[in-house]
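For reference, positions follow the sequence shown, starting with 1.
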Amino acid sequence: MIPEAGLLAAAYLVGTIPFGVVAARLVSDVDLRRAGSGNIGATNVLRVVGKGAAVLTLVGDIGKGALAVGVARWAGASAGVVAGVALAAVLGHVFPVWTRLHGGKGVATTLGVVLAAMPAVGVSLLGIWLVVAGITRYSSLAALVATGMMAPLAWRLDGRPAMLWLAGGLLVLIVARHRENIRRLVAGTEGKIGQKAHPPASADHAGTG
């Protein structure tokens, strides 16, 4: 049996894999951290490089979260450990040790861990994101609305206390990482999906990922 500490450490390391940076380099030899908003997520990849690289980034970021949780479930970990592994994978994406803790917003990786830990909740969140993003064209707003619905959906569709704690922790993390996006949404200056990239921000990056 894999030790719990090993599962948590492995989940964090898997979460640090910068698929956005890799995809941008492969497709157009662009350093994503110095282009567009500077964020390493799929939204910035779409704006800077294009749809193909954005799809690669999205699949990679979702996949690494699902992989981390899938391994924990395969190893027979308890719900509490699975929740810890899920959070560790998202923290790896948001605070990767390789880039001085400057990572993405964690939305796609959050979707990945939730799909693997609570499939019905994950599918519901994906549906909410698609509807809100399709109507408003704001990726950040769609992410915030979907994440805000995670705890009620986890309570209704799953019910395990550990998953409720996970939903709460992910909500706090996602909202904290979207502080600047929330300010721009209120001010009406937030960039929309498909909008051309702007120069990198100096502190908090725009977009979501």
Side-chain angles (χ1 to χ4, degrees), residues 11 13-71 86 89-96 98-99 102-116 119 122-147 170 174 177-178 180-181 184-185 189-201 204-209:
L13 290 174
V14 169
T16 65
I17 301 173
F19 282 103
V21 175
V22 174
R25 282 288 193 188
L26 289 174
V27 174
S28 63
D29 198 29
V30 170
D31 185 348
L32 194 64
R33 295 162 295 182
R34 293 177 173 82
S37 68
N39 190 268
I40 66 172
T43 299
N44 194 39
V45 176
L46 176 63
R47 290 170 176 165
V48 173
V49 183
K51 292 181 180 179
V55 170
L56 290 175
T57 302
L58 189 63
V59 171
D61 286 346
I62 292 173
K64 66 186 181 183
L67 175 64
V69 171
V71 169
V90 178
L91 287 171
H93 178 81
V94 174
F95 303 113
W98 321 115
T99 56
H102 294 300
K105 299 293 179 73
V107 175
T109 305
T110 289
L111 177 60
V113 300
V114 175
L115 280 169
V123 171
S124 299
L125 295 182
L126 178 58
I128 292 169
W129 189 94
L130 290 171
V131 169
V132 177
I135 293 173
T136 69
R137 307 302 296 172
Y138 288 120
S139 176
S140 56
L141 179 60
L144 290 165
V145 172
T147 307
L170 291 173
I174 295 298
R177 293 293 290 170
H178 283 77
E180 293 300 317
N181 302 85
R184 287 191 293 270
L185 284 166
T189 59
E190 177 72 330
K192 293 188 175 184
I193 297 172
Q195 187 173 324
K196 287 186 177 181
H198 298 290
D204 293 287
H205 302 313
T208 186

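Considering CG of N181 and OG1 of T189, their distance stands at 10.0 Å, rounded to 0.5 Å. Considering CD1 of I174 and OG of S140, their distance stands at 11.5 Å, rounded to 0.5 Å. Going from atom CZ of R184 over to atom CG of L141 covers 13.0 Å, rounded to the nearest 0.5 Å.
Here the shortest heavy-atom pairing between A23 and T57 reads CB-OG1, 3.5 Å. What you find for H178 and V107 is that their closest heavy atoms are CE1-CG2, 3.7 Å. G70 approaches A116 most closely through the heavy-atom pair N-CB, 4.3 Å. Minimum interatomic distance between A142 and A133 (heavy atoms only, all atoms of both residues): CB-N, 3.6 Å. Residue E190 comes nearest to Y138 through the heavy atom pair O-CE2, 3.2 Å, listed as atom of the first residue, atom of the second, then distance. When all heavy atoms are compared, the tightest approach of A89 to V113 is CB-CG1, 4.1 Å.
Within the 3.5 Å criterion, the main-chain N or O of G104 finds a donor-acceptor partner in the side chain of R177. Using a distance-only test at 3.5 Å, with no hydrogens or angles considered, a donor-acceptor pair links the side chain of T109 to the main chain of D61.
Screening I128, L130, V123 against L126 for a side-chain contact (heavy atoms from CB on, under 4.5 Å) leaves a single residue, L130.
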Residues 48-56 side chain polar contacts: donor-acceptor under 3.5 Å, at least two apart:
none

**OP:** Walk me through it: do V114 and L170 pass the test side-chain contact (heavy atoms from CB on, under 4.5 Å)?
**Re:** CA-CA 10 Å; V114 175; L170 291 173; 4.2 Å; yes

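By the side chain to side chain contact (heavy atoms under 4.5 Å, CB included) test, L13 pairs with W98, sequence neighbours left out.
You'll find the side chain of V45 stays beyond 4.5 Å of the side chain of V27, heavy atoms only. For the pair T110 and L125, the minimum side-chain heavy-atom distance is 4.5 Å or more.
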